[in-house]
Structures are given as structure tokens and as C-alpha cells.
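A, B, ... follow the sequence lines: proteins, then strands. Residue 1 opens every chain. Every value quoted in this text rests on a predicted model; they were computed, and no experiment measured them. Just so it is clear, the values below take in all heavy atoms, side chains as well, and ignore hydrogens, waters and symmetry mates.
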Number of protein chains: 2
Amino acid sequence: MARPSKRTTLREVAEATGLSTAAVSYALRGKHVSKETEQRVRKAAADLGYEADPIARALAGGRTSMVGVLSGDLQDLWQQQLMAAIGRELLAGDRYALILDAGGDPERELALAKQLRDQRVDGLLVSPVDPSAEGWAKIADAVPVVSIGDSLRRARTAGEVLFDNRAGIDTVLDHLRGLGHRRITVLTPTGPSTPDRPADVYVREAADRLHLTVEVLPCAQELGEATAVARRVLDGAGGGGARRAVPTAVFCFSDSIAYGVYAAAAEASLAVGRDLSVVGFDDHPVSRILTPPLTTLDWGLADIAKEAARLAVAAIEGRRVRRKRILCAPRLSERGSALGRGPG
Amino acid sequence: MARPSKRTTLREVAEATGLSTAAVSYALRGKHVSKETEQRVRKAAADLGYEADPIARALAGGRTSMVGVLSGDLQDLWQQQLMAAIGRELLAGDRYALILDAGGDPERELALAKQLRDQRVDGLLVSPVDPSAEGWAKIADAVPVVSIGDSLRRARTAGEVLFDNRAGIDTVLDHLRGLGHRRITVLTPTGPSTPDRPADVYVREAADRLHLTVEVLPCAQELGEATAVARRVLDGAGGGGARRAVPTAVFCFSDSIAYGVYAAAAEASLAVGRDLSVVGFDDHPVSRILTPPLTTLDWGLADIAKEAARLAVAAIEGRRVRRKRILCAPRLSERGSALGRGPG
DNA sequence: TCGCATCAGTGAAGCGGTTAAGTTCCGTGC
DNA sequence: GCACGGAACTTAACCGCTTCACTGATGCGA
């Protein structure tokens with residue numbers, strides 16, 4: 001529990017080599033000293049098992065080689081995938097990825113971001129719950145921030161990887177319309193107070209254009225809750241409790257939510273694909289092994305992780321980058337969960 | 001990019017109140033000072049928007065209220081769930097959970113653990129790749145460590161949450177035998193050099209006892225790779241490449257792997273449940289919405305997260321705890337993926 | 001031969017807190 | 001009336017590293 005084995009400090013290496021701590025500090029970072037002393041210092045450091053204390057280093061203003069990765073809601077399976085992928089990407093570049101979960105709470109999200117900033121992470125990747133929060137500005141001023149999925153409107157970020165949601169929505173609704181669907185329910189993730197996310201707007205625009213009857217409902221990512229919401233939808237008892245027509249297709253803004261619909265459909269003995277079409281949004285690996293495999297959007301998770309990491313690393317290293325705003329286009333992974341139906 | 005807005009420091013609060021920094025430091029932690037000054041200091045601190053710098057605090061030897069959560073392999077869907085659950089659990093207790101991923105690499109795992117220790121996390125939760133590594137000892141001496149899923153044999157940990165693997169294996173193999181299966185393939189996660197994990201041993205013991213023909217194969221968590229391995233198994237071309245009999249049941253040591261088997265079975269036009277029985281190990285939320293729903297073991301993930309967090313927090317706060325070794329018993333979630341078959 | 005960069009290395013001042021060891025001041029018990 | 005003890009603060013020494021300003025040597029062109 002206590003800290004028995006004191007670690008070797010810079011000073012000890014200095015004493016061992018007969019140099020000043022400053023010289024050693026420089027030497028170990030390959031600056032400013034002769035090749036010869038550098039070798040000598042490195043050897044001594046190795047012999048003594050010296051490893052720089054990241055905390056002291058951070059306090060004195062150095063790099064930490066830590067990068068914060070902040071998920072808005074780690075309950076979402078796709079976010080889990082994304083965070084893991086980003087983590088690996090960064091690890092490959094010898095940086096430590098600290099993954100944090102805001103649990104869908106905008107205040108917590110900001111608090112965590114601040115904590116990360118205070119920990120002197122070199123950079124911060126965030127898939128935000130509340131992209132328009134004021135707080136981002138100050139954070140982005142202190143550390144390079146790359147946002148994923150949404151622009152941090154109030155902040156000057158180091159880059160962003162965005163999803164062309166409008167394209168995604170158009171693609172899916174087009175597809176569903178082409179299959180003959182007219183009455184569609186759209187399930188979007190609940191942001192406790194998701195402010196001006198324009199997804200709803202896009203949905204309504206597309207719906208108007210395509211003459212579709214859509215209903216947009218918020219829905220949590222967690223399977224149980226998603227199932228509950230889906231149950232109500234398939235019951236015709238959605239939204240306000242008013243009894244209304246059951247949709248022929250459900251378009252879910254995350255595969256997690258789609259899984260809830262599968263569960264509810266099974267309970268109601270509805271065959272997904274035949275009796276009810278379902279479309280997801282993320283192409284989670286599991287989606288392809290469902291029965292029927294989930295028709296969903298593929299945004300290229302691996303690339304997203306790669307691009308996001310690249311942007312962050314570039315910013316950290318002070319490199320300029322040509323395009324700091326990446327817009328990902330979706331590809332429809334057409335599988336078996338959305339099928340045609342006679343008109344009506 | 002630069003750090004423009006300097007944060008208010010302890011000194012500034014001291015000056016504002018006409019006290020010494022020491023007094024302020026004490027006051028803010030409610031020690032050693034009169035009620036009156038404490039109030040005065042708190043007010044000044046609030047007015048100035050003072051927030052202690054965690055790095056400086058850590059350097060000086062204080063608490064950080066950060067807890068490290070280290071996953072051996074965040075590719076595994078169940079680990080994703082577990083880490084997320086632990087994160088929430090800790091968050092609820094006002095501690096920051098830093099989730100890291102060792103990517104299945106034992107060396108990296110230790111490096112990350114050290115990094116975390118050096119970051120002065122108050123505690124460390126770890127679901128280890130290599131529980132018998134020497135390195136754990138020194139880490140556990142510097143920070144309270146709670147291990148999940150395996151004992152850190154060489155280290156004096158603050159607690160452990162273990163799974164009764166033997167019971168799990170017995171349960172599943174018993175179950176499969178009862179259903180009439182005799183030829184069973186067991187797919188275990190690859191540890192790059194998983195040393196003395198006794199799972200294989202348990203499997204063989206149980207197999208001998210039950211007169212089963214089992215083959216144990218290592219398998220990665222990632223869906224693509226798991227599918228590839230499963231493909232070979234269903235091909236009868238497993239292991240060494242020698243042609244041999246196809247098993248009637250596959251027992252997977254993680255649901256992730258089971259998903260790979262589902263995928264491979266679909267490719268081979270085998271109906272899971274009828275033509276091939278599959279059993280998983282984790283009860284991932286998605287498992288219940290597969291077709292057929294995956295028969296798997298339920299270890300009570302929520303409780304695991306809760307217990308692990310509890311042990312860690314207790315250790316951090318220096319509380320003694322009655323049982324620092326929790327053994328979780330599995331419950332068989334019998335669903336549709338493992339069904340009976342005639343003898344043979 | 002001199003003046004002036006340049007290079008290798010040193011000293012010391014932080015970074016922003018914590019904490020052990022005083023220093024005052026004051027109420028008490030005897 | 002006085003030594004004593006504790007409350008309330010202050011002083012100053014770190015924690016371990018980075019970095020700025022500076023000192024000597026050395027090289028070198030003029």
C-alpha cells in the first residue's frame with residue numbers, strides 16, 4: 001500500500017554520472033549535449049532502472065504521451081467499438097489512450113474533459129453528448145481537441161471527423177421507400193438535452209420530400225430500455241400513449257437500438273425482414289450475424305479511428321494538416337432486415 | 001494550442017485572503033483551521049474559480065481520485081461491457097475511471113499498469129492477460145490492485161473477483177453431454193503466451209470424467225478471426241490441418257467467439273441449434289437476440305462490476321473488508337443454441 | 001592574434017501543491 | 001502567578017522534472 005521501493009530519480013542518475021540534473025534531463029531527451037555524454041547518461045539511466053516520472057514531468061511542463069478519449073455514452077456498442085479502435089490506433093503510435101465514459105451526461109462530459117485537460121493529456125478525442133456546450137472552448141484552448149461525429153460549435157478544435165448524417169438518412173429513407181414502406185418510425189439516441197442536433201430536421205426534410213409518414217422517438221442505447229421503447233412502437237402505443245398505426249419499418253440511429261427492436265419483434269412474433277423492416281446505423285460486427293442480418297450503414301469504423309487519431313497526433317506534434325475536417329460518407333450494407341412489401 | 005488562460009493557483013487564493021498557501025491548502029481540505037477561516041477561504045476560492053491542479057497535488061503526494069481500469073483485450077465484447085460497467089460504478093462514487101486496453105499483449109499490459117501507477121491512480125482494476133507476470137508484484141506494492149477473472153499470483157492484491165471457471169466448464173459440458181453430444185470443440189481465447197491458465201486442464205478433466213472427445217483450440221476475439229477459426233473447425237480441417245471429424249457442439253470461452261461460430265455456421269448452411277450446438281461464456285446482451293438465442297453462462301456482469309469497484313474503493317479508503325476474494329458462480333442461460341441430438 | 005559565434009554543461013528558479021516543524025497567542029488547572 | 005498545552009497559522013522544505021540564463025571552452029574567419 002505504501003510506496004516502499006522508491007523509484008530512481010533524475011538526481012540519482014546525475015550523481016552517478018557526475019553531471020547536473022539539467023544535463024541528464026537534456027541528454028535523455030537527446031537535446032543539446034554531446035553524443036558521448038548522451039550515451040553515458042543513457043547507460044547509467046538504464047543501469048539504475050531510471051524511468052522519468054510522468055507526473056513530475058507534466059508539472060514541469062513536458063509531454064505526457066497520454067491522449068484522452070472521451071465517449072459520450074459507452075453503453076452504446078458502437079462507441080465501445082470506436083473507443084477500442086481508437087485506443088489501438090494510438091497505442092500503435094506509442095501513446096497511452098485513456099478512455100472515459102460520460103454516461104450520456106453533458107455536465108459529466110465537461111467535467112471529465114476538464115479532468116483530462118488537467119491531467120495534461122497531450123490531446124483529446126471526443127465523441128460528444130453535447131457538442132454545443134460552452135465549456136468546450138476553454139478546453140480546446142488548453143489542449144488540442146478532435147471531435148468525432150459532431151462539431152464542437154463553440155470551440156476551435158484541432159480537427160473533426162464528421163458523419164454525413166444527411167446522406168445517411170437520405171440513403172436509408174430512400175431505400176425504405178424503394179422497398180415500399182410509407183409508415184416509418186425513427187429511433188434516435190436520447191441526449192438528456194441534446195440541443196441543436198439536426199438529425200430530426202434531416203429526417204423530416206427527407207420524409208417530406210419522399211412523402212413518408214415518419215415518427216421520431218428518442219431511445220436509450222441500453223438493450224433493455226431500447227427493447228421497451230420498441231415494444232411500445234410495435235404495440236402502436238408509442239409516444240404520447242395515443243393508439244396509432246404500427247410502422248412497417250423502423251430506422252434506428254444506432255445498431256444497439258436496432259437490437260432492441262429485434263428483441264421486441266421476437267416477443268411480438270414478428271419476423272424481422274418480412275413483417276417488419278429494421279435498419280441500423282453503425283454496422284457493428286455483430287449485426288451481420290443476426291437473423292436476418294441487419295441492414296445498416298457502414299461508416300468505416302476503422303478509418304474513422306485512424307483519421308481521428310491521425311488528426312490528434314498531427315495537432316499534438318504541431319504539424320499542420322491539409323484537411324482538418326473529415327466527412328465520412330455512409331455505405332448502405334444491404335442485408336436481410338429490410339425487405340420489400342406491397343404498396344400500402 | 002498554447003495555454004492562454006492561466007488557471008488560478010493556490011497562491012492567488014492565499015493572497016486574496018491574506019493567508020499562507022498552507023493555510024488555504026488545509027482549509028480547502030477541511031483540516032486544522034477554524035470554521036470561520038474555512039468559510040472565508042472557500043468563498044474566495046469559489047469567487048476566483050479556483051480548482052486544485054491534480055497534477056501538482058499528485059506530485060506532492062495527494063489523492064488523485066482517478067482509478068485505472070485495465071482491460072487485457074478490449075476487442076472482446078464482454079470486456080467492453082465490463083469496462084463500461086465498472087466505469088459507471090466508479091463514476092457514481094465520484095472517481096474518474098481511466099479505461100486502458102492492453103490489446104492482448106502481456107508486455108503492454110504491464111507497461112500500461114506502470115504508467116497508471118506513475119499517474120498516481122488511487123487504485124487499479126485489472127482483467128489481466130497474463131496474471132502470473134512478475135511485474136504485478138511491484139505494481140501492487142505501490143497501488144491497491146483488484147484483479148478480475150484471475151489471481152495475480154505473484155502479487156499482494158487488494159482483492160479479486162474470480163469466476164468459478166471449473167464450475168462453468170462442468171456445467172456446460174454436463175449440459176452438452178446431457179443433450180447427447182460426444183464430440184465437442186472448445187474455443188479458448190488466445191493469450192499470446194497465456195502461461196498457466198488452468199482452463200484447458202479443467203476442460204480435459206471434465207471431458208475425461210464425462211467420456212467426451214474434446215479438442216481445445218485457441219481463438220482470437222475479433223469476429224473476423226474467430227470466424228476463420230470456426231470455419232476450419234466446421235470444415236473438419238482444424239488444428240494441425242489433419243482432416244478429422246466435425247464436432248457436434250462448439251463450446252466458446254467468450255460470446256465474441258461464439259458469434260464467429262454463428263457466422264461460420266451460416267456460411268456452411270448449418271443451422272445452429274439443430275445441426276450444430278453452440279454455447280458461449282459471457283451472456284453478452286446481444287446474445288439473447290441472436291437466432292437462435294445463444295445458450296451461454298451468465299456470471300452477473302453488473303455484480304462483478306459492483307464488487308470489483310467496491311473492493312477497490314475500500315482499499316483506497318484504507319478500509320478492511322471481510323472477504324477480499326469474491327468467487328462468482330455461473331448460471332446457465334439455457335436458450336436455443338444448444339439442443340439435443342440422438343446418441344452418436 | 002583577436003573577437004565572436006557555438007557548443008557543452010551548470011545553477012537555480014519555477015510548476016502548484018502538501019506537510020513536517022515551528023511560532024504565536026490564549027485559556028487553564030494548580 | 002505560571003508553566004503547559006492546544007488551536008490557528010506560518011515557514012520552508014520538498015515532490016521530480018524542465019528550462020531559462022549564464023559560464024567556460026573551443027573553433028574559426030579575418
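- Under the rule for a side-chain hydrogen bond (donor to acceptor under 3.5 Å, both in side chains), A:Q75 has no partner lying at least two apart in sequence or in another chain.
- Remark: B:E317 engages B:R95, B:V313, B:R319 in a side-chain contact (heavy atoms from CB on, under 4.5 Å) (not counting sequence neighbours).
- Identified under the side chain to side chain donor-acceptor pair (under 3.5 Å) test for residues 56-67 of chain A, with sequence neighbours left out: A:T64-A:D122.
- When rounded to the nearest whole Å, the span between CG of A:L28 and C1' of D:dT18 equals 12 Å.
- With sequence neighbours excluded, no residue forms a ring-ring contact (aromatic ring centres under 6.0 Å, His included) with B:Y96.
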Each nucleotide of nucleotides 10-18 of chain C classed B (base within 4.0 Å of a protein heavy atom), S (only sugar-phosphate) or -, in 5' to 3' order, makes BB--BBBBB
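- Summarising the geometry, the separation between CZ on A:R63 and P on D:dC17 is reported as 18 Å, rounded to the nearest angstrom.
- The side-chain contact (heavy atoms from CB on, under 4.5 Å) check on B:K43 picks up B:D47, with sequence neighbours excluded.
- In this entry the distance linking CG of A:L48 with P of D:dG16 reads 15 Å, nearest Å.
- Taking the side-chain contact (heavy atoms from CB on, under 4.5 Å) definition, one finds that A:S151 meets it with A:R153, A:E160, A:L162, A:R325, sequence neighbours left out.
- A salt bridge does not link A:E36 with A:R40: every distance from a Lys NZ or Arg NE/NH1/NH2 to an Asp or Glu carboxylate oxygen is 4.0 Å or more.
- For B:T9, the side-chain contact (heavy atoms from CB on, under 4.5 Å) partners at least two apart in sequence or on another chain are B:R11, B:E12.
- At whole-Å resolution of the value, CD in B:E38 and C1' in D:dC9 are 15 Å apart.
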Could you list the protein-to-nucleotides 23-26 of chain D atom pairs, N/O on both sides, closer than 3.5 Å?
none

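- In this structure, B:S34 reaches the D:dC9 phosphate: one of its side-chain N or O atoms is under 4.0 Å from OP1 or OP2.
- Inter-axis angle, ends of the helix from C:dT1-D:dA30 to C:dC30-D:dG1, five pairs per end, rounded to 10 degrees: 40°.
- Evaluation of the salt bridge (Lys or Arg N to Asp or Glu O under 4.0 Å) rule for A:D73 yields B:R88 as partners, not counting sequence neighbours.
- The pair A:R117-A:D141 does not count as a salt bridge, with every side-chain nitrogen at least 4.0 angstrom from each carboxylate oxygen.
- The stretch residues 106-163 of chain A participates, sequence neighbours left out, in these ring-ring contact (aromatic ring centres under 6.0 Å, His included) pairs: A:W78-A:F163, A:F163-A:W299.
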